[in-house]
Amino acid sequence: MDGNPFGAFREECLSILRDALGEEGVAITEGEIKLTVPPDPSHGNLSFSTHTTARRAGVEPRALADRIVERAKDAQKRLVAKVEGAGGGYVNFFINETEFAELTLNSITSMGKDYGSSKGNGEKVIVEHTSVNPIHPIHIGGARNAVIGDCLSRILKAAGNDVRRHFYIDDVGLQVAQASYGFGKIGGVAREGKSDHLIGFIYATTSCAMNIKALRAEIERLKSKGKDEDARQKIMELDDWVGAASDLRAKNEKMFDAISGSIMSTEDPEAEVAGLLRRYEERHKEAVRLIRGLSELALAGFKETLRRVDIEFDSWDWESELASWSGEADKVVERLSRTDFVKVEEGTVILDAELTAKRFNLKERYGIKTEVPPLTLKRSDGTTLYTTRDIAYTLWKFERADRVINVISIEQRLPQLQLKLALYALGEGEMAERLTHFSYELVHLPGYKMSGRRGRYVTFDDVIDEAVERAYREVSVRSPHLSEEERKGISELVGVGSVRYALIAVASNKPITFTWERVLNFEQNSAPFIQYSHARASNILLKAEGGWREGGTPDYGSLNTKYEHDLIVRLGSFPETVEEAARTLRPEMIAEYTNDMVSKFNLFYDNVPVLKTKEGGARRARLRLVEATKTVLANALWLIGIEAPARM
RNA sequence: GGGUCCGUGGCGCAGACUGGAUAGCGCGUCGGCCUUCUAAGUCGAUGGUCGAGGGUUCGAAUCCCUCCGGACCCGCCA
């Protein structure tokens, strides 16, 4: 239990409670004993509410609490200093500050970087995240995915899982074919800028041109039929696309004209795109060269961005290879076709998701109140759809892992549900149960809606650049004594850190409205706030030099201010926090914890002198505490992928 | 239209899964603290019918129902 100090204290409280209740003859189930941290520190460090138990046993809560307190007096205690009854039915447990300080600080000192981590069961977990389509740069919504996925991976690893991070490259989609089609039209126009930004421009231009062409034809058709009201509707849509197109043209006239001109003079561009996709699925050389070429360019851009924010992958999974060319997607369709959940209508293969859900009694289990829409597995031209390929990919992943977590935006809730149902239909229901769709809400921009097709988005790169620039101005004002090189280095890790923190600190199921002030906050409750404390702790240790460790034993009993006590309890709670964040898949808990711990460290810093402490044992104990704080801060920051600077 | 998620001081959030003691934090505004380890810090003041209304309970921000508001989904897109 040494690796989990507060957990050890909790266990001791539980043991005292169990014994006392047993002696009282009060029956209780294990899950019923819930210890909570009381709102007021004067009520102790953990508290038990007797109300539920007492009522069931037919006794007064206050009386039961008093009896427990009486029994607790005889109990063997190490980390528990005293047990009190209060508030008419509460049993409050107070920590033995000296014992707890010694246990906690020794644990942290001996475990170092491993403090907070646990052995776990070594379960193989695949976390698939980011997986941005190779048709535009990673925008701020994709950035949320990347940051969440990366933090989840780190936390699960710390909790003792064997984690592999996978990026799924959706190179078989209609959109990639569309972007590639436009890519084939740029001819000799000079390419400039970051590769994924270029691809984003080409995709948006292609999509605008195709939409404008299609809408114009549709409007003519409606007008000739006298459907003026419908036509007016389409004209409004057209205006929106024309607006987007004119913004794009302003960015790169030559390239825009090359793509748009070619599309406008083509009879049926949609058919051309569909043909390209079909040839790609069939692995025709020219289609592969074009689509792979474009995808590689986009990926090179992604990798550059991700490297900057310290996000790495263990595997880059090409959808074309794993699902299409391997024949696995077709096998999925065949296997499903042999069941009675699948029907063929006008050449398309369709899974009856509703029937599947009913047959396996999944409607209640998955909380489905309405009819589940059918899932098209195969188009009439023989090509597969995304979810079909995702089924094949899921089977592939389960050959390599016990558990799979897909970080995918909430927009894909339905297809992810259909994916699970399809697994049941295949007789692989057990996989469905070990598959988690970790969904997160979208990032909105105030004023307008992001749209890759229209080229309207704020890129991850832009956000990082702006953050680093602002951080540089801030560093220059606050620390003019540092060298230019140092200021640059600090602003990079502060800028990147604040973006990561802003994206991880909000619970995933809440939408985020992106504003610069919000993401680039350098005050309290932000990455710089935390990093600054790490730098302060580092600085104390730097000034103390190494000698203090050898001088004698630390006097843990001297750590008796409330500032020290609060900080130590927080440090001792880190392993429990990591465990809970991993179990409930809530990375924002780490951000919350870290912020809270830093607040407590700052109070300690402002109220308790360390280097100036006269008495040797007390000085050593305080230095130990500072060192432990630095360690836990660095460990916590690592979990959320933020660098811990020694100076700021 | 149907479904899912969200709604907590002027703004941004935590707490909800597992009900428990006067609902926490940051920003903002106003006023303090640098001859003491980095003031990106800290102290105080200000500010809340926890969207509204019912219900369950000894006890509800938390669970249930209805309604209101917002987002998302309901494609031979992903």
Side-chain angles (χ1 to χ4, degrees), chain A residues 31-32 34 36 38-40 43 47-52 54-55 61 86-90 92 131 133 135 170 173-176 178 274 345-350 367-373 376-381 383-387 390 408-415 417 439 441-442 444 452-453 471 474-475 477-479 481 494 502 505-507 509-513 515 517-518 521-526 528-533 535-544 584 586 588-589 591-592 595-596 598-599 602-603 605-613 622 626 647-648:
Chain A
E32 201 176 306
K34 211 179 102 184
T36 56
D40 186 333
H43 292 138
S47 175
F48 175 66
S49 164
T50 60
H51 296 86
T52 310
R55 282 182 63 80
Y90 293 93
N92 296 330
S131 302
N133 284 356
I135 49 172
D170 174 28
L174 212 45
Q175 284 93 331
V176 182
Q178 195 177 39
E345 278 175 12
E346 293 167 24
T348 69
V349 184
I350 299 163
I368 308 167
K369 284 187 187 161
T370 51
E371 193 170 307
V372 189
T376 303
L377 297 167
K378 217 165 190 182
R379 296 190 183 94
S380 49
D381 71 353
T383 55
T384 54
L385 282 106
Y386 175 82
T387 307
D390 202 11
I408 300 176
S409 89
I410 192 149
E411 291 174 297
Q412 293 200 42
R413 190 188 165 89
L414 176 61
L417 172 68
S439 77
E441 268 287 355
L442 306 179
H444 301 281
R453 301 172 186 207
E474 207 78 9
V475 174
V477 170
R478 297 178 198 264
S479 306
H481 56 284
V494 165
V506 179
N509 61 349
K510 307 249 181 154
I512 293 179
T513 300
T515 61
E517 311 80 77
R518 190 204 144 86
N521 162 33
F522 290 146
E523 304 284 329
Q524 195 161 341
N525 201 352
S526 71
F529 173 72
I530 297 162
Q531 290 170 316
Y532 181 67
S533 293
R536 279 176 142 186
S538 302
N539 200 45
I540 292 176
L541 295 169
L542 185 75
K543 292 198 169 166
T584 58
R586 279 164 55 196
E588 71 275 11
M589 282 185 67
E592 189 74 18
N595 192 65
D596 187 46
V598 162
S599 296
N602 285 333
L603 286 180
Y605 185 95
D606 279 344
N607 292 285
V608 182
V610 178
L611 297 174
K612 288 195 160 50
T613 308
R622 285 176 178 167
V626 173
R647 303 182 72 178
M648 269 178 82

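A, B, ... follow the sequence lines: proteins, then strands. Residue 1 opens every chain.
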Check your understanding: Can you tell which of B:A40, B:C77, B:C74 lies closest to the side chain of A:Val494?
Key -> B:A40
Check your understanding: Once you round it to whole Å, what is the distance between P of B:A40 and CD of A:Glu523?
Key -> 9 Å
Practice item. Could you tell me which nucleotide pairs with B:C30 by Watson-Crick or G-U wobble geometry, both distances under 3.5 Å, or answer none if nothing does? Key: B:G44
Check your understanding: Using atom C1' of each nucleotide, how far apart are B:C63 and B:C50 to the nearest Å?
Key -> 16 Å
Practice item. Tell me which of A:Leu414 and A:Asn607 sits closer to the 5' end of RNA chain B, going by the nucleotide each one is nearest to. Key: A:Asn607
Practice item. Provide, to the nearest angstrom, the distance between the CD1 atom belonging to A:Ile135 and the C1' atom belonging to B:C77. Key: 10 Å
Exercise for review: Please state how far atom CD in A:Glu517 lies from atom P in B:C13, giving the value in whole angstrom units.
Suggested key: 13 Å
Check your understanding: Counting any heavy atom closer than 4.0 Å, what does A:Val475 reach on the DNA or RNA strands: base, sugar-phosphate only, or nothing?
Key -> base
Review point. What integer number of Å spans the P atoms of B:C27 and B:G44?
Key: 13 Å
Exercise for review: Select base, sugar-phosphate, or nothing to describe what A:Gln175 touches, counting heavy atoms under 4.0 Å on all strands.
Suggested key: base
Practice item. Look at the side-chain N and O atoms of A:Lys510 and state whether any lies under 4.0 Å from the OP1 or OP2 oxygen of B:A14. Key: yes
Exercise for review: Of all the heavy-atom pairs spanning A:Pro609 and A:Arg622, show the shortest one and how long it is.
Suggested key: O-NH1, 3.2 Å
Exercise for review: Would you please test A:Arg379 and A:Leu174 for side-chain contact (heavy atoms from CB on, under 4.5 Å) and show each step?
Suggested key: CA-CA 12 Å; A:Arg379 296 190 183 94; A:Leu174 212 45; 4.0 Å; yes
Exercise for review: Specify the residue among A:Phe48 and A:Val506 whose closest nucleotide of RNA chain B lies further upstream toward the 5′ end.
Suggested key: A:Val506
Study note, to complete from the structure: Quick note, A:Arg453 side chain, CB onward, closest among B:C37, B:G75, B:G41 is B:G75
Point to revise | Selected nucleotide, minimal atom distance to A:Ser380 side chain, candidates B:A14, B:C76, B:A40 | key: B:C76
Check your understanding: Under 5.5 Å between ring centres and under 30° between planes: true for A:Phe522 and the base of B:A40?
Key -> no
Check your understanding: Expressed in angstrom and rounded to an integer, what is the separation of A:Ile512 atom CD1 from B:C11 atom C1'?
Key -> 16 Å
**Study point:** Nearest-angstrom distance from the residue atom CD of A:Glu411 to P of B:A78
**Key:** 14 Å
Practice item. For residues A:Met648 and A:Pro528, report the shortest heavy-atom separation together with the two atoms involved. Key: CE-O, 3.9 Å
Exercise for review: Taking only the side-chain nitrogens and oxygens of A:Arg379, find out if one of them lies under 4.0 Å from OP1 or OP2 of B:C77.
Suggested key: yes
**Study point:** Donor-acceptor pair, side chain of A:Thr515 and main chain of A:Arg518, under 3.5 angstrom
**Key:** yes
Review point. Any side-chain N or O of A:Asn133 less than 4.0 Å from the OP1 or OP2 oxygen of B:A78?
Key: no
Revision key, fill the gap. Residues A:Val626 and A:Ala537: closest non-hydrogen pair is CG1-O, 3.6 Å
Review point. What about A:Asn509, does its side chain sit under 3.5 Å from the base of B:A16 through a donor-acceptor pair?
Key: no
Study note, to complete from the structure: Checking B:C72, B:G20, B:U42 against the side chain of A:His51 (C-beta onward), the nearest is B:G20
Review point. Does B:G53 have a Watson-Crick or wobble mate here (both distances under 3.5 Å), and if so which one?
Key: B:C65
Point to revise | Closest non-hydrogen atom pair, A:Val372 against A:Leu417 | key: CG1-CD2, 4.5 Å
Practice item. Determine the minimum heavy-atom distance between A:His43 and A:Pro38, stating which atoms define it. Key: O-CG, 3.5 Å
**Study point:** Donor-acceptor pair (no angle test) under 3.5 Å: A:Thr584 side chain, B:C17 base
**Key:** no
Check your understanding: Counting N and O atoms only, with roles assigned by atom type, does the side chain of A:Asn595 sit under 3.5 Å from a partner on the main chain of A:Ala591, one being a donor and the other an acceptor?
Key -> no
Check your understanding: NA contact type, A:Leu542, heavy-atom cut-off 4.0 Å: base, sugar-phosphate, or nothing?
Key -> nothing
Review point. Is there a Watson-Crick or G-U wobble partner for B:C5 with both distances under 3.5 Å, and which nucleotide is it?
Key: B:G70
Check your understanding: What is the nucleic acid contact for A:Pro39, judged by heavy atoms within less than 4.0 Å: base, sugar-phosphate only, or nothing?
Key -> base
Review point. Nearest-Å distance, OH (A:Tyr532) to C1' (B:U42)?
Key: 11 Å
Review point. Looking at the side chain of A:Lys369, which of B:C13, B:U4, B:A21 is the nearest nucleotide?
Key: B:U4
Practice item. Classify the nucleic acid contact of A:Pro61 as base, sugar-phosphate or nothing, counting any heavy atom under 4.0 Å across all strands shown. Key: nothing
Exercise for review: Provide the distance between the two P atoms, one in B:G70 and one in B:U18, to the nearest whole Å.
Suggested key: 31 Å
Check your understanding: OP1 or OP2 of B:G12 sitting under 4.0 Å from any side-chain N/O of A:Arg518?
Key -> no
Check your understanding: Which nucleotide, in any strand shown, forms a Watson-Crick or G-U wobble pair with B:U36, with both distances under 3.5 Å?
Key -> none
Practice item. Determine whether any donor atom in the side chain of A:Thr52 lies under 3.5 Å from an acceptor atom in the base of B:G20, or the reverse, and answer yes or no. Key: yes
Exercise for review: Output yes when at least one side-chain N/O atom of A:Asn602 is less than 4.0 Å from OP1 or OP2 of B:U42, else no.
Suggested key: yes
**Study point:** Base partner of B:A78, which must satisfy Watson-Crick or wobble distances under 3.5 Å
**Key:** none
Review point. Is there a donor and acceptor pair, one atom on the side chain of A:Ser47 and one on the base of B:A21, closer than 3.5 Å?
Key: yes
Point to revise | Under 4.0 angstrom between A:Arg586 side-chain N/O and B:C17 OP1 or OP2 | key: no
Exercise for review: Report yes if a side-chain nitrogen or oxygen of A:Tyr386 is closer than 4.0 Å to either non-bridging phosphate oxygen (OP1 or OP2) of B:A78; otherwise report no.
Suggested key: no
Review point. Rounded to the nearest Å, what distance is computed from the CZ atom of residue A:Arg478 to the P atom of nucleotide B:A40?
Key: 5 Å
Check your understanding: Under the 3.5 angstrom rule, does the side chain of A:Thr50 hit a backbone N or O of A:Tyr90 as a donor-acceptor pair?
Key -> no
Review point. Taking syn as any angle within 90 degrees of 0 and anti as the rest, which one fits B:C6?
Key: anti
Review point. For A:Phe529, which contact category applies under a 4.0 Å heavy-atom criterion: base, sugar-phosphate, or nothing?
Key: sugar-phosphate
Review point. If you look at every strand shown and take non-hydrogen atoms under 4.0 Å, does A:Leu442 touch a base, only sugar-phosphate, or nothing?
Key: sugar-phosphate
Point to revise | Atom-pair distance (CD on A:Glu441; C1' on B:G7), nearest Å | key: 12 Å
**Study point:** Below 4.0 Å: OP1/OP2 of B:C58 and any side-chain N or O of A:Arg55
**Key:** yes
Review point. Base, sugar-phosphate alone, or nothing: which one does A:Leu385 contact when heavy atoms must sit under 4.0 Å apart?
Key: sugar-phosphate
Review point. C1' atom, B:C58 versus B:A14: distance in rounded Å?
Key: 28 Å
Review point. So what does A:Val372 touch, heavy atoms closer than 4.0 Å: a base, only the sugar-phosphate, or nothing?
Key: nothing
Practice item. Answer with base, sugar-phosphate or nothing: what part of the nucleic acid does A:Thr376 contact at a heavy-atom distance below 4.0 Å? Key: sugar-phosphate
**Study point:** Distance below 4.0 Å between A:Lys378 side-chain N/O and B:C76 OP1 or OP2
**Key:** no
**Study point:** Gap in Å between the two P atoms, one belonging to B:G55 and one to B:C13, rounded
**Key:** 32 Å
Review point. What pair of heavy atoms forms the shortest contact from A:Val176 to A:Asp170, and how long is it?
Key: CG2-O, 3.2 Å
Check your understanding: Using the C1' atom in both, what is the distance from B:C11 to B:U29, to the nearest Å?
Key -> 12 Å
Exercise for review: Would you classify A:Ala505 as touching base, sugar-phosphate or nothing, given that sugar-phosphate means primed atoms plus P, OP1 and OP2, and contacts are heavy atoms under 4.0 Å?
Suggested key: nothing
